[in-house]
There are 2 protein chains.
Amino acid sequence: MDASAYARNCPSRQILDRIGDTWSVLVVMMLADGPQRYTALSRRIEGVSPKMLTQTLRGLERDGLIGRTVHAEVPPRVDYELTTLGRSLLSLVGALENWAETHIDDVQAAREAYDNPGVKISA
Amino acid sequence: MDASAYARNCPSRQILDRIGDTWSVLVVMMLADGPQRYTALSRRIEGVSPKMLTQTLRGLERDGLIGRTVHAEVPPRVDYELTTLGRSLLSLVGALENWAETHIDDVQAAREAYDNPGVKISA
DNA sequence: CGGTATCCTCCCGGATACTG
DNA sequence: CAGTATCCGGGAGGATACCG
């Protein structure tokens, strides 16, 4: 197994692929508030198309991060909620938010410095 | 500012966009071993095209996560190394790897269960 | 050696219309 | 309500050739 194959199959890569997905983390964060219906999610996560929401939910469900409950009612009612595994992800997401909030200013400053090579800071 | 705009601009999203990038984390992990040259990186990270490697390195440099040093030699020599900011990312990457390695079995099992709906586990 | 420049393909993801 | 089906455009990213 070469480095490439390892890099593409290792646990970190797989989790990264899910975490890196635009909508997945958003959905997980929404569900941190408790179970939610499909429509509620689609309204709270502005800009998501039904296609992407469904796709995201299926992916999370497949990975065992969320559960899907269909209630035998009319009209239909489907609830999504975090599983124990999904809830364990929240601490990681929290660590990410923490790092982001702590260092975003540095990153922002670095970006501006990079984009404006000539500009000196103060003297 | 609506939820969408917030979601797309918040610190977590920006960091996620970088972290989620396939090659960025790989590069950061490689550079954890110490400064490396362009060619060394391209060899160690199998499957990366020069275009993507350069693009990844520029992105990391712009965000202040890595430094780029050009040595006035013939032939040219360029070293990339983690900045302090970049090194601070390592703990986050470590947390990610840790979560991944801890829970990957559960995820894998969930995937198999999802992909084989009919199969029962033992009795 | 350390990249750029170019082309080209694939597929992600948005919009929309429809259905059980 | 909770999706599925279909179409479509744009951009990410690979391969390759070339340059300072």
> If we check side-chain contact (heavy atoms from CB on, under 4.5 Å) with B:Arg58, which of these qualifies: B:Arg62, B:Gln55, B:Glu61?
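Going through B:Arg62, B:Gln55, B:Glu61 one by one, the side-chain contact (heavy atoms from CB on, under 4.5 Å) with B:Arg58 is satisfied by B:Glu61 alone.
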> Are side-chain N/O atoms of A:Gln36 and A:Arg43 paired as donor and acceptor at under 3.5 Å?
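Absent: no donor and acceptor within the cut-off.
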> For B:Arg13, is there an ion pair with B:Asp17 - N to carboxylate O distance below 4.0 angstrom?
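The answer is yes: the pair qualifies as a salt bridge.
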> Establish, with yes or no, whether the OP1 or OP2 oxygen of D:dC1 is under 4.0 angstrom from a side-chain nitrogen or oxygen of A:Tyr80.
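Answer no for this pair, as no side-chain N or O of A:Tyr80 is under 4.0 Å from OP1 or OP2.
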> Taking only side-chain nitrogens and oxygens of A:Arg68, does any of them come within less than 4.0 Å of OP1 or OP2 of D:dG3?
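Affirmative; the distance criterion is met.
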> Looking only at side-chain N and O atoms, does A:Arg43 come under 4.0 Å of OP1 or OP2 in D:dC1?
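False: A:Arg43 side-chain N/O out of range (4.0 Å or more) of D:dC1 OP1/OP2.
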> Is there a donor in the side chain of B:Tyr38 and an acceptor in the side chain of B:Thr54, or the other way round, less than 3.5 Å apart?
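A donor-acceptor contact under 3.5 Å links the two side chains.
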> By nearest nucleotide on DNA chain C, pick out whichever of A:Ser49 and A:Pro76 is the more 5' one.
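Between the two, 5'-proximity favours A:Ser49.
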> Grab the CH2-C1' distance between A:Trp23 and C:dC12 for me, whole Å please.
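Distance, rounded to whole Å: 13 Å.
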> To the nearest Å, give me how far apart CG (A:Asp17) and P (C:dC11) are.
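In whole Å, C:dC11 P and A:Asp17 CG are 15 Å from each other.
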> From CG of B:Leu26 over to C1' of D:dG13, roughly how many Å is that when rounded to an integer?
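Taking atom C1' of D:dG13 as the reference, CG of B:Leu26 is at 15 Å.
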> Calculate the interatomic distance between B:Arg77 atom CZ and C:dG2 atom P; express it in whole Å.
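These atoms are roughly 8 Å apart.
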> Starting from P on D:dT4, measure out to CE on A:Met52 and report it in whole angstrom.
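Between P of D:dT4 and CE of A:Met52: 13 Å.
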> To the nearest Å, how far apart are B:Leu57 CG and C:dC1 C1'?
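These atoms are roughly 14 Å apart.
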> Does the B:Ser91 side chain pair with the main chain of B:Ser88, one donor and one acceptor, at a distance under 3.5 Å?
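The answer is yes, because a donor-acceptor pair under 3.5 Å joins these two groups.
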> Tell me the interatomic distance from B:Gln55, atom CD, to C:dA5, atom C1', rounded to whole angstroms.
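Taking atom C1' of C:dA5 as the reference, CD of B:Gln55 is at 13 Å.
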> For the pair made of NZ in A:Lys51 and C1' in D:dA5, what is the distance, rounded to whole Å?
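Answer to the nearest Å: 10 Å.
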> Nearest nucleotide by nearest heavy atom, which residue falls closer to the 5' end of DNA chain D, B:Asp21 or A:Thr39?
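Final value for this comparison: A:Thr39.
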> According to a strict under-4.0 Å criterion, is B:Arg37 in side-chain N/O contact with OP1 or OP2 of C:dG2?
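It does, given that an N or O in the side chain of B:Arg37 lies less than 4.0 Å from OP1 or OP2 of C:dG2.
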